[in-house]
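Structure record follows, encoded as structure tokens.
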Amino acid sequence: MRLGPSPTALRAQAAPLPSRTAHRAPPRATPATLSPGPGRAQTAHSPTPLCATPTRATHPAPSPTALLAQAAPPPLRTDRLVRRRVTRSCNAGTLTNTAVCNPNDCTVSRDDPNKNGDDGVFYCINNGTVSGTTGSCMCTGCKSGYGGASCDTAGACAASSNSSKDGSDGTFYCINGGTVGGSAGSCECTCKTGYEGSSCQTVSACIASTNSSKDGSDGTLYCINKGTVSGTT
């Protein structure tokens, strides 16, 4: 025979079930809440999160002065500028670092009469020597018989008893009363009667004359009545 539930069991079934509440763990004690032990000073520490996100280091923004310094061009190399100015040329010579155009020394041209020294080149011939600076050139020391600004002007010839003088320097061998003419490089000797040759160095043969004053000194001799003249001046 089957027995029914006991009165105690029936009361337990009829009683309402207890409500479930969330079970929370008690808060973890932090160093700030822990009481210091004997002989220790109490210090407060903030709790460290379990998963802390690292923070990036920040830099202060540059100041306007720093930005201007970065944008400014690099300083000029004055030593290079001076070196370039020293070697830079100008119309009359060389431009120095004082910005003054120093004229160059003149140089000679022997074949261009148009060179007047404006560019530092000067026409100078006949052994002349060029001196001065650009724009103020001169030709001096011309050889004998020549003159002028470029020693290009031949002087008048002069007679000489030196047989080596051919007139190239304005001095020409001309004797026996000959008369020198022409200019340096083109001298000539004009002979008087009784002499001949380029320098009147050759006596001429005598000729007869009816003039009683002719004594033959000029190559003419008084000779009449069909006489015959001979000899030289």
Side-chain angles (χ1 to χ4, degrees), residues 89-95 101-233:
S89 63
C90 52
N91 288 337
T94 302
L95 187 65
C101 194
N102 292 332
N104 292 328
D105 293 336
C106 297
T107 58
V108 65
S109 171
R110 302 292 187 188
D111 54 9
D112 189 353
N114 296 319
K115 289 297 183 180
N116 60 2
D118 287 345
D119 60 354
V121 182
F122 195 72
Y123 179 59
C124 185
I125 56 175
N126 292 317
N127 298 342
T129 302
V130 169
S131 58
T133 56
T134 301
S136 302
C137 300
M138 61 182 66
C139 177
T140 58
C142 311
K143 74 177 182 179
S144 180
Y146 291 89
S150 297
C151 296
D152 54 345
T153 303
C157 295
S160 173
S161 59
N162 186 342
S163 59
S164 66
K165 292 297 183 178
D166 58 1
S168 58
D169 61 353
T171 306
F172 193 69
Y173 176 56
C174 185
I175 57 175
N176 294 321
T179 302
V180 171
S183 56
S186 301
C187 298
E188 57 187 22
C189 181
T190 302
C191 307
K192 68 178 184 179
T193 305
Y195 295 90
E196 55 188 61
S198 60
S199 296
C200 301
Q201 75 280 9
T202 305
V203 292
S204 302
C206 294
I207 57 176
S209 173
T210 59
N211 186 344
S212 59
S213 63
K214 292 297 182 180
D215 59 2
S217 57
D218 59 356
T220 303
L221 182 66
Y222 175 59
C223 184
I224 56 176
N225 297 319
K226 298 182 180 181
T228 302
V229 173
S230 61
T232 56
T233 302

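Just so it is clear, the values below take in all heavy atoms, side chains as well, and ignore hydrogens, waters and symmetry mates. Counting from 1, the numbers follow the sequence of the chain as shown.
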If you look only at distance, which donor and acceptor atoms sit under 3.5 Å apart when one is on a side chain in residues 175-186 and the other is two or more places apart or in another chain?
| residue | atom | partner | partner atom | Å |
| --- | --- | --- | --- | --- |
| Asn176 | ND2 | Cys200 | O | 2.6 |

**Request:** Report yes if the side chains of Cys142 and Thr140 come closer than 4.5 Å at any heavy-atom pair, otherwise no.
**Result:** no

**Prompt:** CD1 of Ile207 to CG of Leu221: how many Å apart, nearest 0.5 Å?
**Reply:** 10.0 Å

**Item:** Cys189 side chain reached by Phe172 side chain, heavy atoms, under 4.5 Å
**Value:** yes

**Message:** Using 0.5 Å steps for rounding, measure from the SG atom of Cys124 to the CZ atom of Arg110.
**Reply:** 5.5 Å

**Request:** Find out whether Tyr173 and Ser164 are in side-chain contact, i.e. whether some heavy atom of one side chain is under 4.5 Å from a heavy atom of the other.
**Result:** no

**For Gly227 against Cys223, the heavy-atom pair lying closest together** = C-SG, 3.4 Å

**Message:** Distance alone, cut at 3.5 Å: any donor-acceptor contact between the side chains of Ser217 and Asp215?
**Reply:** yes

**Item:** Minimum heavy-atom distance between Asp152 and Ala149, given as atom pair plus value
**Value:** OD1-N, 4.3 Å

**Complete:** Of all heavy-atom pairs linking Cys151 and Cys139, the shortest is SG-SG, 3.5 Å

**Message:** Whether the side chain of Asn126 engages the backbone of Tyr146 through a donor-acceptor N/O pair (distance < 3.5 Å, no angle test) should be reported.
**Reply:** no

**Asked** What residues, two or more places apart in sequence or in another chain, satisfy disulfide bond (SG atoms under 2.5 Å apart) together with Cys206?
**Response** none

**Prompt:** Can you find a pair of side-chain heavy atoms, one from Thr107 and one from Val130, that are under 4.5 Å apart?
**Reply:** no

**Request:** Verify whether one side chain among Glu196 and Ser204 offers a donor that lies under 3.5 Å from an acceptor in the other.
**Result:** yes

**Asked** Would you say the side-chain atoms of Asn211 and Ser209 include a donor-acceptor pair closer than 3.5 Å?
**Response** no

**Prompt:** Quick check: are the SG atoms of Cys187 and Cys157 less than 2.5 Å apart?
**Reply:** yes

**Asked** Ignoring hydrogens and geometry, is there a side-chain-to-backbone donor-acceptor pair from Thr134 to Asn104 under 3.5 Å?
**Response** yes

**Prompt:** Atom CD in Gln201, atom OH in Tyr195: separation rounded to 0.5 Å?
**Reply:** 12.0 Å

**Message:** Would you compute the distance between atom CE of Met138 and atom OG of Ser150 and round it to the nearest 0.5 angstrom?
**Reply:** 12.0 Å

